[in-house]
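The structure under discussion appears below in the form of structure tokens.
Each chain gets a letter, A, B and so on, in the order the sequences are listed, and its residues count up from 1. Computed from a prediction, not measured in an experiment: that's the story for all the values here.
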2 protein chains.
Amino acid sequence: MIQKNAPTLELAPKAEQILDGAMKEFLQRGYAATSMDRVAATAGVSKATVYNHFGDKEGLFEALVKQLAERKFAQVQRSQPLQGDPKVVLRQFAMTLMNNVGKDSDYKAFVRLIIGESGRFPHLAQTFIRNLFKPALTIVTQYLAEQPSLRCTDAEAAARVFLGTLIHFVISQNLMYGDEVVPIEPERVIDCVLESLFQ
Amino acid sequence: MIQKNAPTLELAPKAEQILDGAMKEFLQRGYAATSMDRVAATAGVSKATVYNHFGDKEGLFEALVKQLAERKFAQVQRSQPLQGDPKVVLRQFAMTLMNNVGKDSDYKAFVRLIIGESGRFPHLAQTFIRNLFKPALTIVTQYLAEQPSLRCTDAEAAARVFLGTLIHFVISQNLMYGDEVVPIEPERVIDCVLESLFQ
DNA sequence: GTCTATACACTGATAGAC
DNA sequence: GTCTATCAGTGTATAGAC
């Protein structure tokens with residue numbers, strides 16, 4: 001009766017299944033508007049199974065956020081180290097970041113959720129910062145520290161200027177739909193920040 | 001029986017009263033977790049009165065967001081025009097922005113709410129951009145366009161670099177509690193962005 | 001471990017008296 | 001315009017059978 005084939009080769013198949021359903025619901029509706037009923041239905045399991053695995057709604061939410069943060073962290077770590085001419089390398093980096101974040105609906109929903117709930121779940125916001133912003137900051141800081149053409153001698157501060165410019169651009173133009181209110185070509189901002197940071 | 005004294009001298013006393021209660025609830029709990037029952041109780045009116053004034057929950061939320069956006073807009077417009085030595089003027093501007101936004105709990109909650117709900121209420125996110133980000137962008141762009149020492153000839157792009165750096169700093173360090181994960185003195189970032197933008 | 005069934009509180013919204 | 005009372009629906013969480 002019990003099918004032993006194709007257990008998807010994962011440690012906890014039902015847990016993965018539940019997290020998949022939880023992701024769809026939480027990203028689409030937000031934390032408070034997501035019901036455990038719907039998570040169970042979307043995941044294709046009973047509600048009691050959800051509670052057995054994750055304790056309560058907060059436990060499920062925390063497990064989901066940590067999984068998403070770790071998945072994206074793996075992507076960042078896997079990216080090739082920066083090397084070469086700054087203006088070429090960093091322009092490529094900027095375009096990748098803008099396309100990777102600004103046009104990925106799931107990722108945009110994830111960022112909205114984390115920021116929106118950061119007042120009630122400070123620990124999850126910090127997990128996001130630790131797993132995603134901090135590694136990016138470290139990579140860019142190390143790269144900038146090796147560039148003699150960098151105008152600002154404080155490489156970490158320069159990395160914050162560069163990343164802050166890019167991330168705020170995505171937040172204001174894409175997450176908040178500012179591209180219809182204060183439109184501008186991304187290239188203009190990238191050109192300007194690179195022109196400013198390097199001689 | 002009916003007290004005629006102290007009608008608070010406002011056009012719609014009950015409406016203001018309801019919006020005050022709605023502000024407390026929505027800013028603290030978010031949109032979905034806020035109940036109309038609690039808004040009515042906090043405002044000191046009956047629930048039916050809330051529905052008579054604002055139609056439904058979305059109507060109340062939109063009225064609240066527009067009021068908050070307009071109040072903050074008035075503060076921005078009232079600020080003195082920028083003039084004088086760029087590094088002095090913009091350092092002062094940056095410190096004011098960081099203290100005004102980063103340490104005002106109500107304003108932080110407002111920004112979290114707007115970003116968190118921007119996927120479900122794009123129009124309200126755009127109202128926020130139009131009333132708060134766009135005016136700031138305009139003021140800084142005009143000021144930068146007059147500075148001969150500006151390295152980047154594209155004043156609007158430079159304004160986005162400057163404001164993006166500052167706003168992302170507040171979001172990551174204050175809204176998302178990144179100051180405990182990736183701490184840094186604000187002055188280092190301000191120094192760096194000014195050093196980069198100006199000769 | 002997983003399911004069905006259910007407890008119990010609370011939700012957004014409305015009807016009708018005043 | 002404001003209130004009390006209430007509706008139908010849904011929320012989180014759990015008990016008990018398998």
Side-chain angles (χ1 to χ4, degrees), chain A residues 1-65 113 116-117 120-121, chain B residues 1-65 113 117 120-121 124:
Chain A
M1 272 197 279
I2 297 172
Q3 294 182 332
K4 290 213 170 187
N5 60 338
T8 64
L9 292 177
E10 284 166 350
L11 291 178
K14 279 277 165 69
E16 283 291 336
Q17 195 176 329
I18 293 168
L19 285 174
D20 285 350
M23 188 177 85
K24 282 183 191 148
E25 295 298 321
F26 279 120
L27 290 189
Q28 184 180 348
R29 300 171 199 279
Y31 178 77
T34 292
S35 78
M36 297 294 268
D37 259 311
R38 207 185 290 266
V39 168
T42 302
V45 300
S46 81
K47 196 162 48 168
T49 302
V50 179
Y51 278 93
N52 279 337
H53 274 274
F54 297 99
D56 60 7
K57 190 180 179 182
E58 285 198 13
L60 174 61
F61 185 58
E62 291 182 8
L64 171 68
V65 169
L113 186 59
E117 297 298 333
R120 287 169 291 274
F121 296 93
Chain B
M1 272 197 281
I2 299 172
Q3 294 181 334
K4 288 212 170 187
N5 60 338
T8 64
L9 291 176
E10 283 164 352
L11 289 178
K14 279 280 165 67
E16 283 290 336
Q17 194 177 331
I18 293 167
L19 285 174
D20 285 350
M23 187 176 85
K24 282 183 191 149
E25 295 299 319
F26 279 120
L27 290 189
Q28 184 180 348
R29 299 172 198 279
Y31 178 76
T34 292
S35 77
M36 296 294 267
D37 261 311
R38 207 184 291 265
V39 169
T42 301
V45 299
S46 82
K47 195 161 52 165
T49 302
V50 178
Y51 277 92
N52 278 338
H53 275 272
F54 296 100
D56 59 7
K57 191 180 179 180
E58 285 198 12
L60 175 60
F61 185 58
E62 291 181 8
L64 172 68
V65 169
L113 186 60
E117 297 298 333
R120 288 169 289 274
F121 296 93
L124 295 185

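The NE2-C1' distance, from A:His53 to C:dT2, rounds to 8 Å in whole Å. One interatomic measurement links the two molecules: CE of A:Met36 to P of D:dT12, which rounds to 7 Å at whole-angstrom precision. Regarding A:Lys47, its NZ atom lies at a distance of 12 Å from the P atom of D:dT14, rounded to whole Å. Taking atom CD on A:Glu25 and atom C1' on D:dG11, their separation rounds to 14 Å, with Å as the unit. The nearest whole Å value for the distance from the CD atom in A:Gln17 to the P atom in C:dC3 is 8 Å. In this entry the distance linking OH of A:Tyr51 with C1' of C:dA5 reads 15 Å, nearest Å. Counting to the nearest Å, the P atom of C:dT11 and the CZ atom of B:Arg29 are 9 Å from each other. Rounding to whole angstrom units, NZ of residue A:Lys57 and C1' of D:dT14 are separated by 17 Å.
The side chain of A:Asp37 approaches D:dG11 more closely than any other nucleotide in the set C:dT6, D:dG11, C:dG12. Of the candidates D:dT12, D:dC3, D:dA15, D:dC3 carries the atom nearest the B:Val45 side chain, counting heavy atoms from C-beta on. Here the nucleotide nearest the side chain of B:Asn52, chosen from D:dT2, D:dA15, C:dT2, is D:dT2.
No side-chain heavy atom of A:Phe121 sits less than 4.5 Å from a side-chain heavy atom of A:Val65. Side-chain contact between B:Met36 and B:Leu60 is present, with at least one heavy-atom pair separated by less than 4.5 Å. Counting only heavy atoms from C-beta outward, the side chains of B:Gln28 and A:Arg120 never approach each other to under 4.5 Å.
Contact check, A:Ser35 against D:dG11: a side-chain N or O comes under 4.0 Å of OP1 or OP2. Put simply, A:Thr49 has no side-chain N or O that comes within less than 4.0 Å of OP1 or OP2 on C:dT2.
When the nearest nucleotides of DNA chain C are assigned to A:Gly44 and B:Gly55 by heavy-atom distance, the more 5′-ward of the two goes with A:Gly44.
B:Glu25 and B:Thr42 are linked by a side-chain donor-acceptor pair at a separation below 3.5 angstrom, with hydrogens and angles left out of the test.
B:Phe61 and B:Phe26 have tilted rings, their planes meeting at an angle from 30° to 60° on a 0 to 90° scale.
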